[in-house]
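Comments concern the structure below.
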Amino acid sequence: MKDPLVEKINKLKVERRAIIMAHNYQLPDVQDIADYQGDSLELARIATKADCEVIVFCGVQFMAETAKILNPERTVLMPDAKAGCPMADMVDVEELRRMKAENPGSKVVCYVNSHVEVKAESDVCCTSANSIKIVKNLDTDKPIIFVPDRHLGEYTQRVTGRELILAAGYCPTHRHIMLEDIEKMKSKMPDAEVIVHPECTTEILDIADHICSTSQMITAAGASGAKRFIIGTEVGMLHVLRKRYPDKEFFVPSSRCVCPNMKKTTLEKVLWSLEEMKTEVEVDPETGSKAIKSLERMLEYV
Ligand code: 13P
Ligand code: SF4
C-alpha cells in the first residue's frame with residue numbers, strides 16, 4: 001500500500017514543477033522519495049541542469065545555498081532551514097581575510113562545506129570527491145590556503161605533496177569516529193574492508209582500504225570482491241549501500257556516526273515545504289555572483 005504522505009508529496013511536486021534533491025546522509029524515507037540523490041559534487045552538478053521551477057533540497061544549508069547560487073532564478077526550498085553544518089560555521093569571511101592578509105599572493109581552495117561569503121572570497125571550491133584534482137591543478141609557485149576542513153586539507157596535502165595553509169575546522173560527526181571502534185569491529189570481521197570519508201582523522205585514514213566521498217563509496221564497494229564493509233562515515237550511507245548491494249553487508253563503527261543536522265529533514269517537513277513553499281533559501285545576489293565563480297571553476301576543472 002502506498003504511503004498517503006508520499007502520495008501527497010508526489011502530487012504537489014507535479015503541481016509546483018518541483019524536484020526533490022537529497023544528500024546521501026538523509027533519513028532512508030527521505031532518500032527514497034528523492035528524484036536525485038548524491039554527494040555534494042553530484043548534487044551541485046545536477047543543480048546546474050535542473051529542469052524545474054522549484055528545488056526542494058533535503059540536506060544542510062551549504063548544499064541548498066550552493067543549489068541557489070547555481071540557480072539564482074529558481075526557487076530553492078529547505079524543509080528544515082535550521083539544518084546547518086557546524087564545520088561551515090568554523091571559518092567565517094573575517095578569518096579567511098585574515099589568512100589571506102598573512103599569506104599575500106595565495107590562492108584559496110574552499111571546501112563546499114562553507115558559507116556563501118567564504119566561497120565569494122575564494123578562488124576555487126572543491127568537494128571531498130575532487131580536492132586532490134583541484135589542488136593539483138593550481139600553480140606551484142603560489143601558497144595555497146585550504147578552508148575550512150583541517151582533515152580533508154591534511155589528506156589532500158599528503159596525496160598531492162603540495163603544502164597547504166590549513167584552517168582549523170572539522171566535522172564533529174567524523175571526528176567522533178574512533179580507531180578503537182573500527183579495530184574492535186575488524187577483529188570480529190577480519191575479512192571486512194574499511195571505507196572511510198576524508199573528513200575522518202589521519203589515524204582513521206591510515207587504516208582504511210578506501211578513502212572517498214560518499215558517492216564514491218558506492219563505486220568502491222561495488223568494485224571490491226569483499227562481502228562485508230566497515231563504513232567510516234554518517235549512518236545514512238548504510239541505506240544507500242544496502243539498497244544498492246543487497247548481497248553485501250555494511251556496518252558503521254559506532255552509534256555516534258550521526259549528523260544531527262542531516263536528520264532534521266523528515267517526510268512531514270518535505271510535504272509542509274511544498275504546501276507552504278517554505279523555507280526559501282535567499283542568497284545576496286552580489287555575494288552569489290562572486291561565489292558562483294569559485295563553484296564554476298571547480299565544475300570546469302573536473
Ligand atoms: P560528500 O560530498 O562526500 O557527500 O560529503 C558531504 C559531507 O558533508 C560529509 O560530511
Ligand atoms: Fe557538516 Fe559533518 Fe554533517 Fe557533513 S556530516 S554536514 S561535514 S556536520
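Whatever order the structure lists ligands and atoms in, that order sets their numbers, starting from 1.
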What is the nearest protein non-hydrogen atom to [atom], stated with its residue, atom name and distance?
atom: atom 10 (O) of ligand 1; answer: Glu199 OE1, 2.8 Å
atom: atom 5 (O) of ligand 1; answer: His197 NE2, 3.3 Å
atom: atom 8 (S) of ligand 2; answer: Pro86 CD, 3.4 Å
atom: atom 1 (Fe) of ligand 2; answer: Cys85 SG, 2.4 Å

Q. Which atoms form the tightest heavy-atom contact between Ile195 and Cys212, and what is the distance?
A. CG2-SG, 3.8 Å
**Q.** Nearest heavy atoms of Met262 and Gly59, plus distance in Å
**A.** SD-CA, 4.1 Å
Q. Is it the case that Arg175 places NZ or CZ above or below the six-membered ring of Tyr170, under 6.0 angstrom from the centre and within 45 degrees of the axis?
A. yes
Looking only at distances, please establish whether an N/O atom of ligand 1 is found under 3.5 Å from an N/O atom of [X].
X: His23; result: yes
X: Thr214; result: yes
X: Ser213; result: no

Q: Assess the side chains of Ser215 and Glu42: does a donor N or O sit below 3.5 Å from an acceptor N or O?
A: yes
Q: Using only heavy-atom distances, determine whether the side chains of Gln37 and Asn24 contain a donor-acceptor pair under 3.5 Å.
A: yes
Interfacing atoms of ligand 1 (cut-off 4.0 Å, heavy-atom, [X]):
X: Ser40; value: 1 (P), 2 (O), 4 (O), 5 (O), 6 (C)
X: Ser128; value: 1 (P), 2 (O), 3 (O)
X: Tyr25; value: 7 (C), 9 (C), 10 (O)
X: His174; value: 10 (O)

Quick one: does ligand 1 sit under 4.0 Å from the side chain of [X], the backbone, both or neither, non-hydrogen atoms only?
X: Asn113; answer: side chain
X: Glu234; answer: neither
X: Thr127; answer: neither

Q) Hey, are Lys184 and Glu180 close enough for a salt bridge, meaning a charged N less than 4.0 Å from a carboxylate O? A) no
Q: Could you walk me through whether His151 and His174 pass ring-ring contact (aromatic ring centres under 6.0 Å, His included), step by step?
A: CA-CA 10 Å; His151 299 304; His174 285 85; 9.6 Å; no
Q: Could you confirm whether Cys259 has any N/O/S atom lying under 2.8 Å from atom 3 (Fe) of ligand 2?
A: yes
Q. What atoms of ligand 2 come closer than 4.0 angstrom to any heavy atom of Asn113?
A. 7 (S)
Q. By number and element, which atoms of ligand 2 are closer than 4.0 Å to a non-hydrogen atom of Cys171?
A. 2 (Fe), 5 (S), 7 (S), 8 (S)
Q: Could you check Arg228, Lys227, Lys248 and say which one makes a salt bridge (charged side-chain N to carboxylate O under 4.0 Å, His left out) with Asp191?
A: Arg228
Q: Examine ligand 2 and decide if any of its atoms is less than 4.0 Å from a heavy atom belonging to Asn261.
A: no
Q | Part of Glu199 with heavy atoms under 4.0 Å of ligand 2, whether side chain, backbone, both or neither | A | side chain
(Q) Quick check for you: to the nearest 0.5 Å, what is the distance between Glu300 atom CD and Asn137 atom CG? (A) 10.5 Å
Q.
Nearest 0.5 angstrom please: Cys125 SG to Phe62 CZ, how far?
A. 10.5 Å
Q: Flag yes if Val30 and Leu12 sit in one hydrophobic cluster, no otherwise; membership is Ile, Leu, Val, Met, Phe, Trp, Tyr, and two members link when side-chain heavy atoms are under 4.5 Å apart.
A: yes
Q.
Between Tyr111 and Glu199, does the side-chain hydrogen bond (donor to acceptor under 3.5 Å, both in side chains) criterion hold? Intermediate values first, please.
A. CA-CA 11 Å; Tyr111 189 26; Glu199 286 175 15; 2.5 Å; yes
